[in-house]
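What follows is a short report on a single structure.
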2 protein chains.
Amino acid sequence: MDKDLENIKTTLDVVCGKWKAVVLYKLTSGTLRFGEIKKQIPLIKHQTLIKQLKELEEDGLINRKSYPEVPPKVEYSLTDYGRDLEYLLTHLVEWGNEHNRLSYRAEKELEET
Amino acid sequence: MDKDLENIKTTLDVVCGKWKAVVLYKLTSGTLRFGEIKKQIPLIKHQTLIKQLKELEEDGLINRKSYPEVPPKVEYSLTDYGRDLEYLLTHLVEWGNEHNRLSYRAEKELEET
DNA sequence: CGGTATCCAATTGGATACTG
DNA sequence: CAGTATCCAATTGGATACCG
């Protein structure tokens with residue numbers, strides 16, 4: 001019976017993109033427009049954000065509401081399914097906070113820049 | 001003040017390897033030898049496991065104790081630092097369980113095999 | 001048995017250019 | 001403003017072979 005293993009992989013598959021968890025976390029505070037998300041995550045690249053949003057939508061974690069205006073306006077929000085991640089997301093933040101030095105590998109990565 | 005963003009990334013960096021969270025989860029039950037971990041995660045490849053264990057060790061999440069015997073015997077266990085992840089890991093399992101259909105993308109991936 | 005050392009294939013993040 | 005469509009560079013998982 002290794003359902004646990006499968007369950008972990010299911011969750012990781014959904015949360016582990018370079019910025020996915022961060023995007024989801026931002027959306028826990030409420031609906032955001034594309035540009036707003038981008039502004040709140042300065043380091044993310046335009047194209048990257050689009051890709052990750054699309055995957056999150058395909059995975060059923062977020063809603064995408066597009067207004068037929070010019071200029072376009074698109075809003076993203078969590079689905080119920082995605083909202084169930086809220087608790088997990090706060091724990092991601094907390095663990096990172098309690099161990100707030102970066103990981104050894106992340107440090108190494110930064111030293112190179 | 002976007003410490004949250006940084007914290008999430010810190011945590012993800014440590015947990016997001018194809019099998020890292022699973023390995024950590026297995027180790028929450030106690031110390032395991034290399035071969036035992038491999039047996040408990042049948043799909044993982046020898047070389048992949050070695051790489052991920054090394055990274056987890058570098059990140060300070062697990063201890064590696066090698067016995068100078070022939071044949072070799074190596075045991076892995078969680079550090080205190082890694083043990084703090086336990087709570088998070090159980091939540092990964094729970095979310096996956098409550099949403100136990102695979103993600104849409106994961107399903108697609110499976111259909112191809 | 002558990003490990004190193006190489007090399008390779010696949011994935012993924014991101015750069016660039018163009019659209020309504 | 002938000003989105004396609006390409007293409008590319010970097011990373012990562014894994015295959016293979018050999019070692020103490």
Side-chain angles (χ1 to χ4, degrees), chain A residues 5 8-9 12-23 26-27 31-59 62-77 103 105-106 108-110 112-113, chain B residues 5 8-9 12-23 26-27 31-59 62-77 103 105-106 108-110 112-113:
Chain A
L5 191 151
I8 291 184
K9 297 225 62 153
L12 287 185
D13 188 60
V14 141
V15 157
C16 285
K18 195 166 179 183
W19 299 98
K20 278 188 191 175
V22 177
V23 170
K26 293 297 179 189
L27 288 175
T31 301
L32 289 174
R33 294 186 58 178
F34 179 86
E36 292 171 330
I37 300 177
K38 212 167 156 304
K39 211 168 299 170
Q40 292 198 31
I41 313 176
L43 289 174
I44 201 172
K45 300 304 170 187
H46 183 82
Q47 192 53 239
T48 307
L49 180 54
I50 287 182
K51 278 185 191 171
Q52 307 229 352
L53 284 170
K54 191 162 26 173
E55 288 192 357
L56 289 171
E57 196 194 352
E58 286 171 6
D59 284 339
I62 62 175
N63 293 311
R64 177 177 179 283
K65 183 167 184 185
S66 168
Y67 296 85
E69 305 174 358
V70 176
K73 172 179 170 182
V74 183
E75 288 182 341
Y76 293 92
S77 59
S103 76
R105 286 184 305 112
K108 242 174 39 189
E109 198 177 314
L110 282 180
E112 287 161 10
T113 56
Chain B
L5 191 152
I8 291 183
K9 299 226 65 167
L12 288 184
D13 187 59
V14 141
V15 156
C16 284
K18 196 166 180 184
W19 299 99
K20 277 188 191 174
V22 177
V23 170
K26 291 297 178 190
L27 288 175
T31 300
L32 288 174
R33 293 185 57 180
F34 180 87
E36 292 171 331
I37 300 176
K38 213 168 158 302
K39 211 168 296 170
Q40 293 198 32
I41 312 175
L43 289 174
I44 201 172
K45 300 305 169 188
H46 182 81
Q47 192 52 239
T48 307
L49 180 53
I50 287 182
K51 278 184 190 171
Q52 308 229 354
L53 284 170
K54 191 161 24 171
E55 288 191 357
L56 289 171
E57 196 195 351
E58 286 171 5
D59 283 339
I62 62 174
N63 294 310
R64 179 179 178 280
K65 182 167 183 184
S66 167
Y67 296 86
E69 304 174 359
V70 176
K73 172 180 170 182
V74 182
E75 288 182 342
Y76 293 92
S77 59
S103 75
R105 286 183 305 111
K108 240 174 40 190
E109 199 177 313
L110 282 179
E112 288 161 11
T113 55

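- Which of D:dG3, C:dG3, D:dT4 sits closest to the side chain of B:Tyr76 comes down to C:dG3.
- Considering all non-hydrogen atoms of both residues, B:Val74 and B:Arg64 come closest at CG1-CG, 3.8 Å.
- The CD1-P distance, from A:Ile37 to D:dC1, rounds to 15 Å in whole Å.
- Nearest to the side-chain atoms of B:Lys18 among the listed nucleotides D:dC1, C:dG14, D:dG14 stands D:dG14.
- Here the side chain of A:Trp19 is nearest to one of D:dC1, D:dG14, C:dG14, namely C:dG14.
- A close approach under 4.0 Å does not occur between any side-chain nitrogen or oxygen of B:Arg64 and OP1 or OP2 of C:dG2.
- Closest approach to the B:Arg33 side chain among C:dG14, C:dC1, D:dG3 is made by C:dC1 (side chain taken as heavy atoms from C-beta onward).
- Atom pair A:Leu53:CG and C:dG14:P shows a separation of 13 Å (rounding to whole Å applied).
- Along DNA chain C, the nucleotide nearest to A:Gln47 and the one nearest to A:Pro72 differ in position, and the one closer to the 5' end is contacted by A:Gln47.
- The distance between atom NZ of B:Lys51 and atom C1' of C:dG2, rounded to the nearest whole Å, is 16 Å.
- Rounded to a whole Å, the CG atom of B:Leu49 is 17 Å from the P atom of D:dT12.
- In the interface, the side chain of B:Lys73 is not paired with the base of C:dG2 through any donor and acceptor atom under 3.5 Å apart.
- Contacts of B:Gln52 with the nucleic acid, taken as non-hydrogen atoms under 4.0 Å apart, involve only primed sugar atoms and P, OP1 or OP2.
- Distance, B:Ile44 CD1 to D:dA15 P: 12 Å, rounded to whole Å.
- A donor-acceptor contact under 3.5 angstrom links the side chains of A:Glu75 and A:Tyr67, judged on distance only.
- In this structure, the CD atom of B:Glu55 is 7 Å from the P atom of D:dG13, given to the nearest Å.
- Summarising the geometry, atom CD1 belonging to A:Ile37 is positioned 10.5 Å from atom NZ belonging to A:Lys26; distances are rounded to the nearest 0.5 Å.
- In this structure, B:Asp13 places its CG atom 17 Å from P of C:dT12, rounding to the nearest Å.
- Counting to the nearest Å, the P atom of D:dC1 and the CD atom of A:Glu36 are 12 Å from each other.
- When atom types are taken as modelled, the side chain of B:Lys9 and the backbone of A:Lys18 share a donor-acceptor pair closer than 3.5 angstrom.
- Put simply, CD1 on A:Ile41 and CH2 on A:Trp19 are 7.0 Å apart, with the number rounded to the nearest 0.5 Å.
- When heavy atoms are screened at a 4.0 angstrom cut-off, B:Tyr67 is found touching no nucleic acid atom at all.
- Comparing A:Pro71 and A:Ile50 along DNA chain D, the residue whose closest nucleotide (by nearest heavy atom) sits nearer the 5' end is A:Pro71.
- Side-chain to base pairing of A:His46 with C:dG14: no donor and acceptor N or O lie closer than 3.5 Å to each other.
- Closest approach to the B:Lys45 side chain among C:dT4, D:dA15, C:dG2 is made by D:dA15 (side chain taken as heavy atoms from C-beta onward).
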